[in-house]
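These notes are about the structure you will find just below.
The figures here come from the full heavy-atom set of this structure, side chains too, leaving out hydrogens, waters and symmetry mates. Order of listing sets the numbers, starting from 1, for every ligand and every atom in it. All residue numbers in this chain count up from 1 along the given sequence.
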Amino acid sequence: MRGALVTGARLGKPLRWPLGCAPESLAGHHVGDIVRRGKYLWLPLLKGAAGEGAAGGLLMHLGMSGSLALRQAAAAPGPHDHFDLHTSVGTLRLNDPRRFGAVVWAASLVDAPAATLLQRLGPEPFDPALTPLSFHTALQLRRSPIKAVLLGGEAIVGAGNIYACEALFLAGIHPALQADRISRPRAARLLEALRATLARALELGGSTLRDFTDVHGASGTYQAQAAVYGRADLPCVRCGTPVRRVVQAQRSTYFCVTCQRR
Ligand SMILES: [Zn+2]
């Protein structure tokens with residue numbers, strides 16, 4: 001979409017947060033380089049040659065069930081299509097049946113409301129500035145179970161439920177272990193396991209547990225080769241002990257009591 005001219009926008013039913021500007025004020029901007037931060041997408045909107053209104057951008061979040069699609073000729077909006085951005089290369093449409101998603105205008109990523117929404121996000125998993133030492137330091141500040149800390153996204157972003165379970169298995173760490181009790185070598189192993197897990201998942205197009213599809217409509221296949229996730233009572237792939245399922249912070253955790261130590 002880079003360089004596309006915005007020709008208009010349409011709002012459906014209210015999303016999690018209001019857009020924060022009149023949809024018609026988006027027309028005339030050009031789309032800049034789209035970036036991702038945590039689960040947010042930032043779509044910069046630049047002033048056109050003769051554009052009016054300040055440049056800024058749209059911070060987008062898919063919520064629980066949202067999906068984005070770019071179509072050259074979009075059909076009439078359906079009951080769950082709650083935001084359309086019409087551009088010279090097609091219509092970017094947010095479909096969001098549960099409406100936990102959002103599209104929010106901000107002047108920049110460091111201005112409200114974007115800055116407020118992003119301020120608690122931990123480092124990106126593949127950011128070279130995230131080192132075994134800095135990761136260990138972040139874990140030292142947290143007394144909750146490591147599984148909950150990973151899902152919380154303040155020590156690192158990107159480790160959703162399936163990836164947190166798999167990385168903890170790979171690193172041999174019990175999911176209930178308190179984060180600040182994890183030694184420096186184990187923190188290093190966990191960071192390595194998180195990166196390996198996420199890299200593999202990216203190769204496989206992510207995980208489709210219910211209805212996730214990418215922007216081209218393709219499902220992910222990572223979940224089919226998970227070592228522990230979704231395998232309650234089945235033998236551990238490493239030692240044969242039945243995989244245990246427990247509930248932590250209202251989410252299912254799968255782990256092996258033999259391979260994963262406190
Ligand atoms: Zn095992």
Problem set entry | Test side-chain contact (heavy atoms from CB on, under 4.5 Å) applied to L150 and V157, I156, N161, the passing residue | I156

Seminar exercise, completed: ring pair (Phe, Tyr, Trp, His ring centres under 6.0 Å) filter on H136, not counting sequence neighbours, yields none

For this session: On the 0 to 90° scale, with breaks at 30° and 60°, tag the Y40-H61 ring pair as parallel, tilted or perpendicular.
Result: perpendicular

Exercise. Can you name the nearest heavy-atom pair linking A155 to F135, along with the distance?
Worked result: O-CD1, 4.1 Å

Exercise. Got a sec, which residues hit salt bridge (charged side-chain N to carboxylate O under 4.0 Å, His left out) with D180, two or more places apart in sequence or on another chain?
Worked result: R143

Seminar exercise, completed: Near the Zn ion (ligand 1), meaning under 2.8 Å, the protein N/O/S atoms are C236 SG, C239 SG, C256 SG, C259 SG

For this session: Can you run down the salt bridge (Lys or Arg N to Asp or Glu O under 4.0 Å) pairs that involve residues 26-40, sequence neighbours left out, and say none if there aren't any?
Result: R2-D33, R36-E124, R37-E124

